[in-house]
Amino acid sequence: MIWINSPAGLLRQSRAIPTRPGPIMNSSVTPSRQRAGSLYESIGGHTGVTVLVENFYQRVLQDPALAQFFKHTSMDRLHRMQVEFFAVALDGPTTYGGTAISHAHQGLKITLPDFQRFVQHLFDTLSDFDLSEDERYSIVQRINKYANEITGAPGGY
């Protein structure tokens with residue numbers, strides 16, 4: 001565990017959550033926010049999640065250290081599954097019908113540093129959206145819950 005400063009004060013976070021905000025990126029697409037309460041609505045609903053997944057994987061695939069994990073992956077299928085996954089993780093009105101996380105990543109030998117790079121790209125991508133810093137950290141924290149299933153690490157953080 002690490003401690004980070006946030007607008008809400010000192011917070012205990014898992015190792016994989018970025019410890020500093022990513023740079024603010026200029027984006028030509030910033031989905032409008034649907035203010036109702038869930039992170040799914042805050043990011044822009046289905047349209048926002050779809051844009052998030054597209055922009056996020058553009059960054060991930062441009063990273064040579066991470067692109068190797070996707071060389072034998074159907075990107076169309078991955079995109080569909082990731083839209084479902086993120087929608088569910090952000091309390092959207094859908095269910096995840098994809099492969100179990102641990103099974104999907106089995107044998108890929110993804111290390112915690114690999115996962116941290118992945119999460120940093122997510123955090124940076126979230127800077128393109130009209131979200132508060134707390135909302136960005138909350139989204140990353142929800143994805144970070146799957147670190148052990150993705151890396152094959154036993155037990156908790």
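Ring geometry, Tyr57 versus Phe70: the interplanar angle exceeds 60°, so the pair is classed perpendicular (tilted spans 30 to 60°).
Side chain of Thr73 to backbone of Met75: no donor-acceptor contact under 3.5 angstrom is found. Of the possible polar contacts, none joining the Glu149 side chain to the Tyr146 backbone as a donor-acceptor pair under 3.5 Å is found. Judged purely by atom type and a 3.5 angstrom limit, Ser138 has no side-chain atom pairing as donor or acceptor with the backbone of Asp134. The backbone N or O of Ile101 sits less than 3.5 Å from a side-chain atom of His105, completing a donor-acceptor pair. Of the possible polar contacts, none joining the Tyr40 side chain to the Val88 backbone as a donor-acceptor pair under 3.5 Å is found.
In this structure, a donor-acceptor pair under 3.5 Å is present between the side chains of Asp114 and Thr111.
For Glu84, the side-chain hydrogen bond (donor to acceptor under 3.5 Å, both in side chains) test picks out no residue, with sequence neighbours left out. Every residue two or more places apart in sequence or in another chain that forms a side-chain hydrogen bond (donor to acceptor under 3.5 Å, both in side chains) with His121 is listed here: Asp63. By the side-chain hydrogen bond (donor to acceptor under 3.5 Å, both in side chains) test, Arg142 is found to be paired with Asp91, residues two or more places apart in sequence or in another chain being considered.
Seen from the ring of Phe123, Arg136 counts as a face-on cation partner, given the 6.0 Å and 45° thresholds.
Among Gln58, Arg59, Gln120, the single residue meeting the side chain to side chain donor-acceptor pair (under 3.5 Å) criterion with Thr125 is Arg59.
Ile43 has its side chain within reach of Ile139: a pair of non-hydrogen atoms, C-beta onward, lies under 4.5 Å apart.
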